[in-house]
Amino acid sequence: MSMSNRTTVTAFLLLGFSDVRELQILHFIVFLVIYLVALTGNLLIIIAIALDHHLHTPMYFFLMGLSILDLGTISVTIPKSMVNSLINTRSISYSGCVAQVFFLVFFAEADFALLTIMAYDRYVAICKPLHYETVMNRRACVQMAASAWISVILYSSLHTGSTFAITFCGGNMVDQFFCEIPQLLKLACSDSYLNEVGVIAFGVCLTLSCFVFIIVTYVQIFTTVLRIPSEQGRHKAFSTCLPHLIVISMFLSTAVFAYMKPTSSSPSGLDLVVAVLYSVLPPVMNPIIYSIRNNEIKASLRKLTGWKLFTKNKMSAFLL
């Protein structure tokens, strides 16, 4: 296939959830509700942390950053899919697809980098409390966050560049509701996608290295927590660590599965479910997980909103 064939790809066709108009409207409504829930939950977390000076600590600084990234992650995929369903189209421009790939990789990788930094923050706070203020000072926090973002920008640029440097010979039908790299690679000519596969393998190795670091960190954290004589102290330590561990496990397991499993030649329901799990579910669930298990966040949200329903843990999930 000549290079000229590649230049004819000016747009891609995304996977439609249904050709039935009523189901397209239903898809729009469901995604709209999901998007509004994620938007509301993450904005409440951001505003609560920004306005409550009691939450101006490293842990909540990183949590606010996580909420910002979650807003970005879900805004990359959901709105375009909603618009397509509403106006009954499946098209996305070539530049729009490039933008989706870049920003999805950026927000997802920055999300995990921040989760890794948050694990280190909890390690220092629980295992080395006397050194916490020295190690996790304002300058160190900003430097760690900035380093993560800059590194992820470079990685996202490499990822996106290698993806769209390939020659597309398999048409322009993307078997996903957004431009997902494994689905784009299915459209590549033979052997033209090997560079991108190498980038993915490098990214997976880097991610798994961070995950091993997180696991080792949490082994030391839990070992220290179990030595705390006070039951209240143990509960407080677990309440800040367990939500973080749940979020990491949920995000990593679905993302690694999506990128490492063999792609099928036809649209798969499993591909769709996994894509929703790693691109849509974490931004929705993160505010709920953190607000349910964190009394300080709940107290701040209660002051912010004035709603008495926040006094009960079980209602936090409903509100957020």
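Along the sequence shown, residues carry numbers from 1.
One finds the NZ atom of K186 at 14.5 Å from the CD1 atom of I181 (value rounded to the nearest 0.5 Å). Here L39 contributes atom CG and S75 contributes atom OG; the two are 6.5 Å apart, rounded to the nearest 0.5 Å. Remark: T207 OG1 to E109 CD distance equals 4.5 Å, nearest 0.5 Å. From L66, atom CG reaches atom CD1 of I117 across 11.0 Å, with rounding to the nearest 0.5 Å. Taken from CZ in F168 to OH in Y94, the straight-line distance is 5.0 Å, to the nearest 0.5 Å. Rounding to the nearest 0.5 angstrom, the gap separating the CG atom in L115 from the CG atom in L63 is 10.0 Å.
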Take L104 and T73, measure what side-chain contact (heavy atoms from CB on, under 4.5 Å) needs, and give me the verdict at the end.
-> CA-CA 6 Å; L104 187 61; T73 301; 4.2 Å; yes
Begin with the C-alpha distance, continue with both residues' side-chain angles, and end with the deciding distance and a verdict on side-chain contact (heavy atoms from CB on, under 4.5 Å) for S157 and F106.
-> CA-CA 9 Å; S157 301; F106 169 76; over 6 Å; no
Worked verdict on V276 versus F177 for side-chain contact (heavy atoms from CB on, under 4.5 Å) = CA-CA 9 Å; V276 170; F177 70 95; 3.9 Å; yes
Check against side-chain contact (heavy atoms from CB on, under 4.5 Å), M136 and F62 | CA-CA 11 Å; M136 301 301 294; F62 294 128; 3.7 Å; yes
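Both I215 and Y120 sit in one connected hydrophobic cluster of ILVMFWY residues. Membership requires side-chain heavy atoms under 4.5 Å apart, directly or through other members. One hydrophobic cluster, built from ILVMFWY side chains closer than 4.5 Å, holds both V33 and L277. Grouping the Ile, Leu, Val, Met, Phe, Trp and Tyr side chains by contacts below 4.5 angstrom, directly or via other members, places Y218 apart from V212. A continuous path of ILVMFWY side-chain contacts below 4.5 Å connects F211 to F213, so both sit in one hydrophobic cluster. Both L114 and L43 belong to a single network of hydrophobic side chains, linked directly or stepwise wherever heavy atoms of I, L, V, M, F, W or Y lie under 4.5 Å apart.
Summarising the geometry of A275 relative to E180, their closest heavy-atom pair is CB-OE2, 4.2 Å, with the distance given to 0.1 Å. In plain terms, the two heavy atoms of C141 and F61 that are nearest each other are O-CE2, 3.9 Å. Considering all non-hydrogen atoms of both residues, P287 and I45 come closest at CB-CG1, 4.0 Å. Of all the heavy atoms in L69 and F107, the pair that sits closest is CD2-CD2, 3.7 Å. In terms of heavy-atom proximity, C179 sits nearest to L184 at CB-CD1, 4.4 Å. The two residues A119 and I221 make their nearest non-hydrogen contact at O-CD1, 4.1 Å.
Residues L71 and P283 fail the side-chain proximity criterion, which asks for heavy atoms closer than 4.5 Å. Side-chain contact between S91 and L13 is present, with heavy atoms from C-beta onward closer than 4.5 Å. A heavy-atom distance below 4.5 Å is not found between the side chains of F31 and P79. Taking 4.5 Å as the limit, every side-chain heavy atom of I126 sits out of range of all side-chain heavy atoms of Q220. T217 has its side chain out of reach of R122: every pair of non-hydrogen atoms, C-beta onward, lies at least 4.5 Å apart. By the 4.5 Å heavy-atom criterion applied to side chains, F112 and I214 are counted as neighbours. Taking the side chain as every heavy atom from C-beta outward, L23 and H27 never approach each other to under 4.5 Å. Proximity of I297 to L55: side-chain heavy atoms (C-beta onward) are separated by under 4.5 Å at one or more points.
With S300 contributing its side chain and E296 its backbone, the two residues share no donor-acceptor pair below 3.5 Å. In this structure a side-chain-to-backbone donor-acceptor pair under 3.5 Å is present from N172 to A11. Counting only distance, with no hydrogens or angles, the side chain of N42 and the backbone of A38 share a donor-acceptor pair below 3.5 Å. Looking at R90, its side chain never comes within 3.5 Å of a backbone N or O of L15 through a donor-acceptor pair.
In this structure, H56 places its NE2 atom where more than 12 heavy-atom neighbours from other residues, nucleotides or ligands lie under 6.0 Å away. Annotation: F28, atom CZ; neighbour count of heavy atoms from other residues, nucleotides and ligands within 6.0 Å is above 12.
Screening residues 127-156 for side chain to side chain donor-acceptor pair (under 3.5 Å), with sequence neighbours left out, gives D121-Y132, Y155-H159.
The side-chain contact (heavy atoms from CB on, under 4.5 Å) with D111 is formed by just one residue from the set D70, I68, T116, V152; it is D70.
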